[in-house]
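Below you'll find the structure, written out as structure tokens, and then a few comments.
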Amino acid sequence: MRLPIPSVPYAWKITMNEQVVYLNNAATSWPKPDRVIEKMVWAATELLATPGRGSAGIRSERVLFETREKVAEFVGVRDSSRIIFTCNATAALNIAISGFLAPGDHVVTTSMDHNSVARPLARMEDEQGVAVTRVEADRQGIVTAASILDAVKPDTALVVLTHASNVTGTVQPVEEVSSGLRSRGEKRPRLLVDAAQTAGVLPIDVIASGIDMLAVPGHKSLYGPSGTGFLYIAPDLVLDPLFEGGTGGQSTLRRQPGLLPERYESGTPNIPGIAALGEAVSYITEKGLENIRRHETELFHLLIGGLREVPGITLFGPCDPGLQVAVVSFRLEGLDPAEVGGFLEETMGIQVRVGLHCSPLSHLTIGSMPEGTVRVSPGLFNTGEDIAALVDGVRKVVEMRGA
Amino acid sequence: MPEPELVIVFPTTHLTLSAEKSLERAGIAHRTIMKPRKISSDCGLAIRVDLTSMDRCREALTADELLPVRFFRDVEGAWECVLELEA
């Protein structure tokens, strides 16, 4: 079944940003706060040199340092040298997975992983004899702590948890798993958490939660610019660095320095982006995670309530704000999600994401392979009117289908 | 005659900038400089303070766990390591 081809004036396509209803914050948040953009422009304009490479670079160093301190405090870390800047959460996950695991190690993960976890693990399975147990989630994307802990073996080195699914929003039981792992003593498996969909929405305290490594994007719910992210590494962990090169100091060492953050950061960093990330973390902190979560939950209720009334719709995930973040996937009977998303965008300026969301394992789990779903992910700057427009748009799609 | 100078050297820029804040909190006058070549051929930063501040610097940096650190004193044009604190 296909929808009619809409007639969209070319000029309208060019100016669409002025009319857009953006509901794709799980991919990247939009818009960014003005002060974040201003900070990025300031850093690109005013900061002269690369950190560690010349006297003018001291100002750049301080800007990076301030962001590192803010980020560390935001996730409950006292020693900010344990925060490693990356270009996104994927880079952070790759540093963690590739740097921590050794040939022959066993890893426990879940069937709700994004490819940023699944692919590095698949490569290490194929090439380095790493054994991976993928604990199956149920059709709502829920994995119990007991099932994860049951999969842990004496040679398990690492447990990787996606804090919240980017397909269904389902939140995984990080604290329960961590507690179970800690009870196994010093030789316990380490816990890596992918916080791509939760940092900036749910409170994260790596010390209180017993998280050994935490991967965070700067450009999603922290409202920083794209090209930013970070990895937290616990003080007693030493990973093999994924990148090696100039660190601006300890230059006479033949090999990569052992001290952090230099061990895992080489080359010129994204100074404007990191400066803006620091501003974004300040912005989020001032807004308050409780307020952000409340706002997104209100939008979530409107979204679920509206979509449930649409004829022929299938909603995926728990549909319960107590069990998930504000990420909702759906399908319309007889229609390809790509066609639905394209129609919403071209005729109503509504931006959603369609397809597999770089997470085919999740779609296998929830039963939406191979077409995937239409994913709606409201953010801080969305309003009830945006949700009403989306629900109205979906209804129009259904009417079109029937026409 | 100006006070004799002391240069504080850390192995990483992160420790150096953490020390800037630590010394500021402790009310110790300081200046961040490029690491003198005669102390180390490495790139990076160091912190210059008056020699009379050495004990207070040691206390502040130790309390904030900003280690390892080395203190260098200018002795007739040559930098001599007068204190080394391990992590």
Side-chain angles (χ1 to χ4, degrees), chain A residues 48-73 77-85 230 232-233 235-236 238 241 245-269 271 274 278, chain B residues 5-49 57-72 74 78-79 81 83-87:
Chain A
L48 306 179
T50 298
R53 283 83 161 173
S55 56
I58 297 178
R59 288 178 70 209
S60 305
E61 289 278 16
R62 290 198 181 100
V63 168
L64 262 58
F65 179 78
E66 287 304 321
T67 296
R68 217 183 290 276
E69 293 268 281
K70 284 181 191 174
V71 163
E73 187 176 357
V77 174
R78 185 168 163 265
D79 176 4
S80 65
S81 74
R82 311 304 306 185
I83 300 293
I84 308 304
F85 289 129
F230 64 89
Y232 160 74
I233 303 172
D236 58 344
V238 179
T247 50
Q250 299 181 276
S251 303
T252 52
L253 295 178
R254 182 170 167 270
R255 297 280 300 268
Q256 194 74 358
L259 294 170
L260 275 64
E262 280 90 334
R263 182 169 178 78
Y264 308 107
E265 291 182 5
S266 292
T268 300
I271 302 165
I274 294 170
Chain B
E5 288 181 342
L6 196 66
V7 170
I8 307 174
V9 177
F10 297 90
T12 68
T13 302
H14 185 83
L15 278 169
T16 312
L17 296 181
S18 299
E20 265 193 336
K21 282 193 157 182
S22 174
L23 298 183
E24 191 168 312
R25 277 195 299 273
I28 300 168
H30 62 278
R31 191 158 74 89
T32 304
I33 58 171
M34 299 305 292
K35 204 178 281 180
R37 299 294 96 176
K38 286 183 179 174
I39 290 179
S40 170
S41 58
D42 265 342
C43 310
L45 306 175
I47 296 178
R48 180 174 278 184
V49 296
C57 288
R58 180 178 57 196
E59 284 169 18
L61 299 177
T62 305
D64 288 335
E65 299 176 29
L66 300 176
L67 305 172
V69 61
R70 290 182 297 161
F71 291 68
F72 289 87
D74 186 356
W79 291 101
C81 183
L83 179 65
E84 187 164 0
L85 301 173
E86 295 297 327

When the 4.5 angstrom heavy-atom criterion is applied to Arg263(A) and chain B, the contacting part is neither
So, do His14(B) and Glu265(A) sit near enough that their side-chain heavy atoms are less than 4.5 Å apart? no
Sequence neighbours excluded, the answer for side chain to side chain donor-acceptor pair (under 3.5 Å) partners of Glu69(A) is Ser80(A)
Q. Does the side chain of Lys21(B) come within less than 4.5 Å of Glu66(A)'s, by heavy atoms?
A. yes
Is it the case that more than 12 heavy atoms not belonging to Glu73(A) sit under 6.0 Å from its CD atom?
no
_How about CZ on Arg78(A), more than 12 heavy atoms from neighbouring residues, nucleotides or ligands closer than 6.0 Å, or not?_
no
If one checks every heavy atom of Ser40(B) against chain A at 4.5 Å, the contacting part turns out to be neither
**Heavy-atom check, side chain of Ile58(A) versus side chain of Met34(B), under 4.5 Å** = yes
When the 4.5 angstrom heavy-atom criterion is applied to Glu262(A) and chain B, the contacting part is side chain
Applying a strict 4.5 Å limit to non-hydrogen atoms, the region of Leu260(A) in contact with chain B is backbone
When Thr16(B), Thr13(B), Leu17(B) are each screened for side-chain contact (heavy atoms from CB on, under 4.5 Å) with Phe65(A), the one that passes is Leu17(B)
